[in-house]
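Take a look at the structure set out below.
Computed from a prediction, not measured in an experiment: that's the story for all the values here.
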Amino acid sequence: MVALHQYAKTANRSVVGILNEFVKQAEFWLAAYAYEKGDDDDLLAISAKLAATPCSPLYKGPISPDKALHELVKAGSQA
């Protein structure tokens, strides 16, 4: 299978900034879980922490990815 990649200039630098911030936070949580539990591979817990992180690109609506997903699913189920 051939993977195709395409690079383009971003339309929203805020999204790039929040992705960079998520990388830093994920590294922090990986280290924190490794210190607490001896388990540095608790990716489900880390993704839940990141999902609850306020994101400035979302400030016009729900401010965290988990709340934005909830609103999207709720709106889709009512359609």
Side-chain angles (χ1 to χ4, degrees):
M1 179 180 352
V2 176
L4 300 176
H5 299 279
Q6 184 175 14
Y7 296 95
K9 188 174 181 178
T10 182
N12 189 335
R13 291 188 335 194
S14 294
V15 173
V16 175
I18 198 67
L19 290 174
N20 286 330
E21 186 62 30
F22 272 17
V23 169
K24 292 176 189 174
Q25 288 185 26
E27 289 171 348
F28 168 79
W29 287 115
L30 279 169
Y33 283 122
Y35 178 77
E36 284 180 15
K37 302 178 190 176
D39 178 15
D40 66 348
D41 203 19
D42 197 350
L43 300 180
L44 184 59
I46 292 167
S47 59
K49 290 277 191 188
L50 293 176
T53 302
C55 301
S56 62
L58 298 175
Y59 283 164
K60 293 177 183 156
I63 62 169
S64 62
D66 59 347
K67 291 179 183 173
L69 178 61
H70 176 75
E71 291 295 319
L72 186 64
V73 169
K74 189 169 114 177
S77 68
Q78 294 174 354

Is the shortest heavy-atom distance from the side chain of Lys74 to the side chain of His70 under 4.5 Å? yes

Close side-chain approach of Leu30 to Ile46, heavy-atom, < 4.5 Å: yes

With a 4.5 Å cut-off on side-chain heavy-atom distances among I, L, V, M, F, W and Y, is there a chain of contacts connecting Leu43 to Trp29? yes

Can you see which heavy atom on Phe22 is nearest to which on Leu50, and at what distance? CZ-O, 3.5 Å

Using every non-hydrogen atom in the two residues, find where Pro65 and Cys55 come nearest and quote the distance to one decimal. CD-SG, 3.7 Å

Taking ILVMFWY side chains as joined if any heavy atoms are under 4.5 angstrom apart, and letting links pass through other members, which residues group with Leu69? Val73

Distance col, row Asp66:CG vs Glu71:CD, nearest 0.5 angstrom, shows 11.0 Å

